[in-house]
Amino acid sequence: MANIFPRGSNLVPLKIVLCALALGGVATAGMWYYFTPKYTNVGYQPIQPVPFSHKIHAGQLGIDCRYCHSFVEVAAHSNVPTTQVCMNCHSQVQKDNPKLQAVRESWQTGKPIEWIQIHKSPDFVYFNHAAHVNRGVSCVSCHGRVDQMEVVYHAESHSMDFCLTCHREPEKFLRPVEHVTDLDWKAPREGNESESAAQIRIGQTLKDKWHIRPPDKNCWGCHR
């Protein structure tokens, strides 16, 4: 009796297994890469052209974040401070410090300081700084305790899961607007209330007051 299938068909099961293994390997490699700190830039800490210490400026001196990053309340994107902002103080304070030579040269030549941007959303993600800051999302939620960083680094993953965690339960993160830049702020407790319970109580009140309903199921909310 003649064979119904050609001799090469004997290799089909083997080819299927090899293809499945290859696809499984690609999927595993993709998951391994895209869900690691390397991809999300966690820990990224570039050397800046000027050794600016957030620990001294934001922590020790208590300078409000919005003094340097002045657009966060009115614009979709935060701004890197200009040389003018630096010179507002350093034209008098430590004006001869050799660490500030790049700042003085920038001021004299008019050439901007080439700061290295640490936090940057991908082009396929829509993120509005003003919408978050003006509704009680603190700088610390996304950037960590910058006031304790000698050199700023990428503290949080900023992955989709990171964003959705807040969008699904914003009451765990919201705070009064006047405390947005107070990175050490904790929700005041009542009686034997735990810190987390106090945060949820205040957060829920603010959520209801401002009718906050962040998108957590519709892709268009962040991918426009």
Side-chain angles (χ1 to χ4, degrees), residues 37 40-48 50-82 85-86 88-90 93-94 115-121 125 127-159 161-190 193-207 209-210 212 214:
T40 55
N41 281 337
V42 174
Y44 176 54
Q45 189 179 50
I47 299 175
Q48 299 289 356
V50 179
F52 180 88
S53 171
H54 275 76
K55 185 176 182 179
I56 291 177
H57 291 77
Q60 181 180 331
L61 300 178
I63 297 176
D64 192 287
C65 306
R66 292 165 293 191
Y67 181 76
C68 296
H69 305 287
S70 53
F71 293 172
V72 294
E73 295 177 300
V74 297
H77 302 286
S78 178
N79 60 299
V80 176
T82 63
V85 174
C86 302
N88 285 343
C89 294
H90 289 296
V93 179
Q94 297 195 16
W115 298 104
I116 300 174
Q117 188 171 355
I118 298 175
H119 304 91
K120 183 178 181 180
S121 299
V125 174
F127 179 83
N128 188 312
H129 260 89
H132 289 75
V133 171
N134 289 317
R135 282 298 177 265
V137 178
S138 173
C139 311
V140 72
S141 294
C142 298
H143 300 296
R145 289 300 302 270
V146 177
D147 59 324
Q148 296 178 353
M149 298 180 188
E150 188 65 40
V151 178
V152 171
Y153 59 88
H154 206 297
E156 302 292 348
S157 69
H158 292 187
S159 64
D161 180 66
F162 174 82
C163 298
L164 287 176
T165 297
C166 184
H167 277 210
R168 287 168 179 159
E169 297 180 296
E171 62 275 7
K172 291 184 177 181
F173 303 93
L174 297 175
R175 61 176 64 186
V177 172
E178 61 269 24
H179 294 295
V180 162
T181 59
D182 181 1
L183 307 188
D184 194 37
W185 183 86
K186 303 294 182 184
R189 294 183 288 180
E190 295 181 352
E193 189 177 42
S194 66
E195 185 176 301
S196 60
Q199 170 58 56
I200 292 175
R201 172 176 52 79
I202 292 178
Q204 186 64 51
T205 299
L206 296 173
K207 177 182 175 181
K209 175 183 177 182
W210 290 325
I212 294 176

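What you see below is based on every heavy atom in this structure, not just the backbone, and it leaves out hydrogens, waters and symmetry mates. The chain is numbered in sequence order, starting from 1.
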Inset, instruction - Show the numbers, then the answer: is there a side chain to side chain contact (heavy atoms under 4.5 Å, CB included) between Phe173 and Thr165? - result: CA-CA 10 Å; Phe173 303 93; Thr165 297; 4.2 Å; yes

Legend entry - Test side chain to side chain contact (heavy atoms under 4.5 Å, CB included) applied to Cys142 and His158, step by step: CA-CA 7 Å; Cys142 298; His158 292 187; 3.8 Å; yes

Inset, instruction - Assess whether side chain to side chain contact (heavy atoms under 4.5 Å, CB included) is satisfied between His132 and Val72, documenting all intermediate values. - result: CA-CA 9 Å; His132 289 75; Val72 294; over 6 Å; no

Inset, instruction - Go through the steps to decide whether Lys55 and Gln60 satisfy the test side chain to side chain contact (heavy atoms under 4.5 Å, CB included), and finish with yes or no. - result: CA-CA 6 Å; Lys55 185 176 182 179; Gln60 181 180 331; over 6 Å; no

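When side chains are defined from C-beta on, His119 counts as touching Val152, because their heavy atoms get closer than 4.5 Å.
No donor-acceptor pair under 3.5 Å is formed between the side chain of Glu171 and the backbone N or O of Lys207. His54 places no side-chain N or O within donor-acceptor distance of the main-chain N or O of Glu150, the cut-off being under 3.5 Å. Looking at Arg66, its side chain never comes within 3.5 Å of a backbone N or O of Thr181 through a donor-acceptor pair. The closest donor-acceptor contact from the side chain of Gln48 to the backbone of Ile116 lies under 3.5 Å. Not a single donor-acceptor pair under 3.5 Å links the side chain of Gln199 to the backbone N or O of Lys186. Between the side chain of Asn79 and the main chain of Ser70, a donor-acceptor pair closer than 3.5 Å is present.
Residues satisfying the side chain to side chain contact (heavy atoms under 4.5 Å, CB included) criterion with Glu190, sequence neighbours excluded, are Glu193, Arg201. Listed by chain and residue number, nothing satisfies the ring-ring contact (aromatic ring centres under 6.0 Å, His included) test with Phe71 (two or more places apart in sequence, or in another chain). Checked against ring-ring contact (aromatic ring centres under 6.0 Å, His included), His129 has the following partners two or more places apart in sequence or in another chain: Phe127.
Taking CG from Leu206 and CG from Leu174, the interatomic distance works out to 6.0 Å, rounded to the nearest 0.5 Å. Rounding to the nearest 0.5 Å gives a distance of 14.5 Å between CG of Asn41 and OH of Tyr153. With rounding to the nearest 0.5 Å, the separation of CD1 in Ile63 from CD1 in Ile56 is 10.0 Å. Atoms OG and NZ, from Ser78 and Lys120 in turn, are 14.0 Å apart once rounded to the nearest 0.5 Å. Distance check, rounded to the nearest 0.5 Å: NE2 of His69 to SG of Cys139 gives 8.5 Å. How far CZ of Arg189 is from CD1 of Ile202: 11.5 Å, rounded to the nearest 0.5 Å.
Minimum heavy-atom separation, Gly136 to Trp210: N-CZ3, 4.2 Å. Minimum interatomic distance between Asn128 and Ala130 (heavy atoms only, all atoms of both residues): OD1-N, 2.9 Å. Closest approach of Glu156 and Ser141 over heavy atoms only: CG-O, 4.0 Å. Minimum heavy-atom separation, Trp185 to Pro188: CZ2-CD, 3.8 Å. Lys172 approaches Ile200 most closely through the heavy-atom pair CG-CG1, 4.1 Å. When all heavy atoms are compared, the tightest approach of Asp182 to Arg175 is O-NH1, 2.8 Å.
In the displayed structure, Glu195 atom CD is contacted under 6.0 Å by at most 12 heavy atoms of other residues, nucleotides or ligands. The environment of His77 atom NE2 is sparse: at most 12 non-hydrogen atoms of other residues, nucleotides or ligands sit within 6.0 angstrom.
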